[in-house]
Amino acid sequence: MSTTDPASSELGPIPTATQNRPRLALLVATALGLGYLPQAPGTWGSLGGLALLWVLETLQQRLAVFQTGIVLPLNPYLWCAVISLLGVWAAGRAEEHLGTKDPQVVVIDEVYGQMLALLLGPALFEGAVNWKSYSLGFILFRVFDIWKPFPARRAEALPGGWGIMADDLVAGVYAAAGLWVARYFGW
């Protein structure tokens with residue numbers, strides 16, 4: 001009498017749902033779980049981007065004073081580029097796993113877009129990052145991310161993670177332009 005394990009076949013064990021779950025991709029795509037927070041996950045992702053940028057800027061400025069030589073790994077522009085590349089991969093994997101186009105829990109695009117808005121804005125160029133620039137940058141990015149002016153909607157149609165990340169790139173650029181306009185008018 002032989003018994004066979006129902007979870008195995010001639011080809012080996014049949015993977016279960018948890019074995020197929022792309023844990024690392026979901027961790028990155030949800031910005032360490034921010035996407036699972038209730039009510040407006042995109043806003044939580046944007047706040048995560050603000051917090052990450054503030055931490056990187058603060059550490060970079062403090063460590064630069066001590067001339068430690070570890071300022072480069074804290075460079076926010078470098079981190080923004082890394083987040084964009086990781087975001088394309090993670091968002092695409094999450095979308096595929098969850099079986100829905102641009103799932104709400106995927107907020108790495110908001111982290112990236114929010115950081116981009118402030119990194120391209122005038123405050124970081126002039127070293128004048130303050131609560132006003134963060135607040136206005138946050139508001140402008142959320143408005144453009146929700147509104148999706150041209151070409152954001154078209155960018156959103158790109159396949160997989162590219163579309164998820166691209167519309168927030170557009171929103172980030174629009175928000176940065178809004179920050180430059182606000183600076184021009186003395187805000």
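The model shown is predicted, which means the values in this text are computed figures rather than measured ones. Numbering of residues begins at 1 and proceeds along the displayed sequence.
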For the pair S84 (side chain) and A81 (backbone), establish whether a donor and an acceptor sit closer than 3.5 Å, ignoring hydrogens and angles.
-> yes

Distance, nearest 0.5 Å, that separates NZ of K148 from CZ of R154 = 15.5 Å

Does one hydrophobic cluster hold both L169 and Y174, with members joined at side-chain heavy-atom distances below 4.5 Å?
-> yes

Exercise: identify the closest heavy-atom pair between V107 and A31 | CG2-CB, 3.7 Å

Going by side-chain heavy atoms closer than 4.5 Å, which hydrophobic residues are tied to V181, directly or by a chain of links?
-> Y184, F185

Spell out, yes or no, whether W54 and L32 are grouped together once hydrophobic residues are joined by side-chain heavy atoms under 4.5 Å, including indirect joins.
-> no

For residues R142 and S46, report the shortest heavy-atom separation together with the two atoms involved.
-> CD-OG, 3.2 Å

Atom pairs and distances, donor-acceptor, side-chain atoms in residues 108-120, under 3.5 Å, two or more places apart:
{"from": "Q114", "atom 1": "NE2", "to": "G137", "atom 2": "O", "distance (Å)": "3.4"}

Could you give me the CA-CA distance, side-chain angles and deciding distance for D167 and R153, then say whether salt bridge (Lys or Arg N to Asp or Glu O under 4.0 Å) is met?
-> CA-CA 7 Å; D167 73 306; R153 235 178 264 272; over 6 Å; no

Shortest non-hydrogen separation from E57 to P76 and the atoms involved | OE2-CG, 2.8 Å

Got a second to check how far W89's CH2 is from W162's CH2, nearest 0.5 Å?
-> 14.0 Å

A182 versus L136, closest heavy-atom pair with distance | CB-CD2, 3.5 Å

L158 and A166 have their tightest heavy-atom pair at CD1-CB, 3.9 Å

Value rounded to 0.5 Å, distance of OG1 in T43 from CG in L34 = 11.5 Å

Approximate separation, where rounding is to 0.5 Å, of L86 CG and M165 CE = 9.0 Å

Hey, is the main chain of Q39 close enough, under 3.5 Å, to the side chain of W44 for a donor-acceptor pair?
-> yes

Do F144 and W147 have ring centres separated by under 6.0 Å?
-> yes

Using a 4.5 Å cut-off on heavy atoms from C-beta on, say whether the side chain of D102 contacts that of E156.
-> yes

Any side-chain heavy atom of L52 sitting closer than 4.5 Å to one from I83?
-> yes

Using a 4.5 Å cut-off on heavy atoms from C-beta on, say whether the side chain of V170 contacts that of P151.
-> yes

Heavy-atom closest pair, residues H97 and N20 = ND1-O, 4.1 Å

Under 4.5 Å between side-chain heavy atoms, hopping through other hydrophobics if needed: is there a path connecting I139 to I146?
-> no

Treat each ILVMFWY residue as a node, draw an edge where side-chain heavy atoms are under 4.5 Å apart, and state whether V82 and V55 are in one component.
-> yes

Heavy-atom side-chain contact between Y134 and L53 under 4.5 Å = yes

The reported gap from NZ in K132 to CG in L179 (rounded to nearest 0.5 angstrom) is 12.0 Å

